[in-house]
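All values below come from the heavy atoms of this structure, side chains included, with hydrogens, waters and symmetry mates left out. The chains referred to below are lettered A, B, ... by the order of the sequence lines, with proteins before strands, and numbering in each begins at 1. Values in this document were obtained by computation on a predicted structure and should not be read as measured data.
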Amino acid sequence: MAIRTAVNRALTEITALPTAAALVDGNLTLLKTLTADNSANLTFVNGTNDVVFDNTYEKYVFKFIDTSIRSNTEKLGFNVSIDSGSNYNVAKTSTAFRAYHGENDSGGVLQYYGDDDLAQGTGLQPIHHGGNSDADSCISGELTIFNPSSTTFVKHFIMKTNNNNSSTNSQVLHIAGYANTTSAVDAIIFQANTGNIDGTIKMYGVGPKQ
Amino acid sequence: MSLIKYNNRSIKDLTTTPAAAGGNTGALVHIKTLTASGDSTLNFVNGASGVVLDDTYPIYKVEYINLHPSNDGDYLRINFSIDTGSNYNVEKTTTHFYAYHNEGDASGFSYDTASDISGTGDATIAPSVGNDNDQAFSGSMFLFNPSSTTFVKHFISTINEAHSDNLTVQTNNAGYINSTSAVDAIKFVYTSGTIDSGKIKLYGIKDA
C-alpha cells in the first residue's frame with residue numbers, strides 16, 4: 001500500500017506561480033523596492049536591476065512610504081523617460097488640487113493648486129508641496145501610470161499623496177495628467193528639485209500579465 | 001511501502017493559489033476584460049460570458065484603460081441594471097467635479113452640474129473626451145456591495161482624460177444607485193459614437 005503525504009516542505013521548491021494561476025491573479029505584483037538614504041534620486045528603469053516597466057502590465061503603481069526631504073525648500077517630484085533613463089524630460093500636462101487643515105485647526109481649505117500643475121512642462125512633476133524637514137515629517141501615497149508602453153496614446157497618470165507640510169498642515173494632494181508622448185515610457189525618476197531624499201518607494205505591476 | 005514526494009510538477013494544474021499560501025484576503029481577482037473595437041456599448045452582465053457581478057464579492061472595481069471614442073468630444077457614460085441587462089434605467093444621484101489644465105497653462109477647478117445626475121439616465125464618467133489619435137481616458141471605479149437588497153449602492157470613479165479641447169481633466173464622479181434591488185449588470189456607452197478602442201477590466205475584491 002502506498003502512503004501519500006504532502007507537507008509544507010513539499011512546496012518549498014516552488015519558485016513561481018503556475019501560469020494558469022497567474023492569469024487570474026489580479027493582485028499587485030511587487031516588482032521592485034528602492035530605499036533612499038540621503039540619496040540624490042531613485043530610478044526604476046526597464047531591464048535594469050530586475051525592473052519591469054514595459055508592456056508586461058497595463059498599469060503600474062508606485063507607493064511612497066514615509067518618503068521625506070532634507071529641507072523645507074525641497075519639493076519631491078517625478079519625471080519619466082522614453083530612452084531607458086538617458087533623459088528624463090518628457091512633456092507633461094497635469095492638474096492639481098489640494099485640501100489642507102492645520103494642527104491648530106486652521107485652514108480647512110479645498111482649492112485648485114496651480115503651483116503643482118504643469119503645462120507641457122518637461123521638468124519634475126511635483127508629488128507634494130510645502131515640504132517639511134522635521135524628523136517626523138514625510139510623504140505617503142501612490143502614483144498610478146496607465147499603459148506606459150503604448151505607442152499610440154499619451155500616458156495618463158493619477159496620484160494622491162498626503163504630507164505634513166512646513167505649515168504644520170495635513171495636506172492631501174490630488175494630481176493627475178498625462179505624459180504627452182506616443183513613445184513608450186520605460187523609466188521613471190523620483191528626486192527633489194534640490195537636495196537629497198530619504199524613504200522607500202515600491203513599484204508594482206497591476207492585474208494579470210498581458 | 002513507497003513514499004511519494006510532491007514537487008513543482010505535482011501542482012502544475014493549480015488554477016488558484018491556496019488561501020493559506022497566497023494570503024489573498026482583500027486581493028483583487030480579475031473577472032473579465034472587455035476589449036473595445038468600434039462597439040456601441042460594452043456590458044458586464046452577471047452570469048453572461050464568465051462575468052460575476054453578485055454577492056461573490058462585496059466590492060467590485062472597474063478599470064478603464066485608454067478608452068478612445070470614435071467622435072471628438074464624446075461622453076463616456078454608465079448605467080446599471082437590476083434585471084440582468086434587460087433594462088439599464090436605475091435611479092441614480094451623483095456628484096461630479098473636475099480640475100482641468102491646458103497645454104497653454106490655463107486651469108480651473110469646478111463642480112459640474114451638467115454632468116451630475118438625479119434620474120434614471122446614463123451617468124457621465126468622462127465628459128468630452130478627445131479623439132485625436134493619441135487621446136483617450138484612463139481611470140477606475142469602485143462599486144460597493146451591488147447585491148445588497150437592503151441598501152442603496154454607492155460607486156466612486158476617478159479618471160484622467162485628454163479632453164477634446166486639448167487639455168487634461170481629472171474627473172471625480174461619485175453617487176449611489178437608489179435601489180434596494182440587487183444590481184447585476186453595468187453598461188458603458190459613448191453617447192454619440194462608438195468605443196473605438198481600449199479596455200474595461202472588472203475585478204472583484206475578496207472579503208476578509
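- Each of A:G114, A:S94, A:S150 has some count of heavy-atom pairs under 4.5 Å with chain B, and the biggest count is that of A:S94.
- Contact annotation for A:Y113: neither backbone nor side-chain heavy atoms come within less than 4.5 Å of a heavy atom of chain B.
- Of the listed residues (B:G139, B:S107, B:S138, B:A136), the greatest number of heavy-atom pairs within a distance under 4.5 Å of chain A belongs to B:S138.
- A:T182 touches chain B through its side chain: at least one heavy atom from C-beta onward sits under 4.5 Å away, while N, CA, C and O do not.
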Please lay out, stage by stage, how A:Y88 and A:F78 fare under the test ring-ring contact (aromatic ring centres under 6.0 Å, His included). CA-CA 9 Å; A:Y88 290 95; A:F78 79 88; over 10 Å; no

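- Contacts with chain A were tallied for B:Q170, B:Q135, B:H68; B:Q170 has the most, counting heavy-atom pairs under 4.5 Å.
- In this structure, chain B has heavy atoms under 4.5 Å from both the backbone and the side chain of A:Y178.
- Chain B forms more heavy-atom pairs under 4.5 Å with one residue of A:H156, A:K92, A:Q111 than with any other, namely A:H156.
- With a 4.5 Å cut-off on non-hydrogen atoms, B:D132 does not touch chain A at all.
- Options B:N133, B:T158, B:D105, B:D134 differ in how many heavy-atom pairs under 4.5 Å they form with chain A, and the most are formed by B:D134.
- Note: B:G108 leads B:G108, B:G104, B:S197 in heavy-atom pairs under 4.5 Å with chain A.
- A donor and an acceptor atom, one from each side chain of B:N71 and B:S192, are located under 3.5 Å apart.
- Ring geometry, B:Y176 versus B:H154: the interplanar angle exceeds 60°, so the pair is classed perpendicular (tilted spans 30 to 60°).
- Only the side chain of A:K59 comes within less than 4.5 Å of a heavy atom in chain B; its backbone stays farther off.
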Working note: A:F44 + A:F62, criterion ring-ring contact (aromatic ring centres under 6.0 Å, His included); need CA distance, chi angles, decisive distance, verdict. CA-CA 10 Å; A:F44 296 89; A:F62 299 87; 5.4 Å; yes

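- Between the side chains of A:K202 and A:T33, at least one donor-acceptor pair of N or O atoms lies under 3.5 Å.
- Judged purely by distance below 3.5 Å, without hydrogens or angles, the side chains of A:N180 and A:Q120 pair a donor atom with an acceptor atom.
- Note on ring orientation: taking the six-membered ring where Trp is involved, the planes of B:Y64 and B:F188 are perpendicular (angle over 60°, cut-offs 30° and 60°).
- Of the two parts of B:I31, neither the backbone nor the side chain holds a non-hydrogen atom closer than 4.5 Å to a non-hydrogen atom of chain A.
- A donor-acceptor contact under 3.5 angstrom links the side chains of B:S128 and B:S164, judged on distance only.
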